[in-house]
Amino acid sequence: MPAEKSKDFKASTRRLLAQMGPDRPKLYVVLALGLLSVTLAVIGPKLLGHATDLIIRGLRHENAGNAGINFTALHHVLLFVLGLYLVSGVLQYLQSYTLAGVVQRTVFRLRNDVEAKLNRLPLKYVDGQPRGDLLSRVTNDIDNIQQSLQQTLSQLLTSMLTIIGAVVVMIVISPVLAIVAIITVPVSLYTIRKIAARSKPRFIAQWRHTGMLNAQVEEAFTG
């Protein structure tokens, strides 16, 4: 039943990653695009800080009776930062596009394997299972795997790289503020674990009832 836990999560994960084996070169491309995109994104705030320095320095000079803000230098910095963000956005789009193709081909191979498995099963097994629940496993469960791969891989990769890049930039700018920010990370992780622990049984119940509903529809109302 869907309420059961995975008997061997690590082995299942390895099998799922093995399904992605033929697209391993493109996974490297996804990693490279994500690294470049995040690098450009975390450099942007540092350069915007330079633009703020130009404005403050110009105001001080103006109050002292000297020349004011150097708008030429300010425009150059802002345009350069805008270009960085545009390039970062394009790279992020290419990363998502490439990853979507990898996930779709992986799920396609997974569906083929499931179809081959169903064709090998004896009729006794098929007759002994509610058709709606069987269909729910073949369709809904694989759709959940597809959505999880599409969302989790992209967000996990981007988030990890962003955290690493942000920590490096924060330490360069202000080690003290970086330490204060890093201290909050364990608190956030603890909160996330608590929320996940309470939401997991509800998601399991949701898909258990979905299988029961499909079984009822197929057995009682189809035809």
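By convention here, the first residue in the shown sequence is residue 1. Scope of the values below: all heavy atoms of this structure, side chains included, with no hydrogens, waters or symmetry mates.
- Expressed to the nearest 0.5 Å, how far CG of Leu213 lies from CH2 of Trp207 amounts to 11.5 Å.
- Neither Leu161 nor Ile171 shares a network with the other; the hydrophobic side chains, linked directly or stepwise wherever heavy atoms of I, L, V, M, F, W or Y lie under 4.5 Å apart, form separate groups for each.
- Interatomic distance, Thr158 OG1 to Gln92 CD, rounded to the nearest 0.5 Å: 5.5 Å.
- Connectivity analysis of hydrophobic side chains (ILVMFWY, heavy atoms under 4.5 Å, direct or indirect) links Leu86 to Leu82.
- A donor-acceptor pair under 3.5 Å is absent between the side-chain atoms of Ser159 and the main chain of Leu156, judged by distance alone.
- Residues Arg198 and Arg202 share a closest heavy-atom pair of O-NH1, 2.7 Å.
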Could you list the donor-acceptor pairs under 3.5 angstrom formed between side-chain atoms of residues 36-52 and any protein atom two or more places apart in sequence or on another chain?
residue : atom : partner : partner atom : Å
Ser37   : OG   : Ser88   : O            : 3.0
Ser37   : OG   : Ser88   : OG           : 3.2
Thr39   : OG1  : Leu35   : O            : 2.6
Thr52   : OG1  : Leu48   : O            : 3.1

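- Grouping the Ile, Leu, Val, Met, Phe, Trp and Tyr side chains by contacts below 4.5 angstrom, directly or via other members, places Leu74 with Tyr85.
- Both Val87 and Val77 are assigned to one and the same hydrophobic cluster, defined by single-linkage of ILVMFWY side chains at heavy-atom distances under 4.5 Å.
- Annotation: the span from Leu110 atom CG to Ile142 atom CD1 amounts to 4.5 Å, rounded to 0.5 Å.
- To the nearest 0.5 Å, atoms OG1 (Thr184) and CD1 (Ile179) are separated by 12.5 Å.
- Remark: Tyr125 OH to Leu118 CG distance equals 8.5 Å, nearest 0.5 Å.
- Using a 4.5 Å heavy-atom threshold, the side chains of Arg193 and Leu189 count as separate.
- Between Arg111 and Val107, the closest side-chain pair of non-hydrogen atoms falls below 4.5 Å.
- Side-chain contact check for Met170 versus Leu177: every heavy-atom pair is 4.5 Å or farther apart.
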Table please: side-chain donor-acceptor pairs of residues 16-28 below 3.5 Å, with sequence neighbours left out.
residue : atom : partner : partner atom : Å
Gln19   : NE2  : Asp113  : OD2          : 2.7
Asp23   : OD1  : Arg105  : NE           : 3.0
Asp23   : OD1  : Arg105  : NH2          : 3.4
Asp23   : OD2  : Arg109  : NH2          : 3.0

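- Hydrophobic clustering, with ILVMFWY side chains joined whenever heavy atoms are under 4.5 angstrom apart, keeps Phe203 apart from Ile145.
- Criterion: ILVMFWY side-chain heavy atoms under 4.5 Å apart, direct or through other members. Under it, Leu31 and Met160 are not part of a common hydrophobic cluster.
- In the displayed structure, Tyr93 atom OH is contacted under 6.0 Å by at most 12 heavy atoms of other residues, nucleotides or ligands.
- Here the straight-line distance linking atom CG of Leu54 with atom NE2 of His76 works out to 11.5 Å at 0.5 Å rounding.
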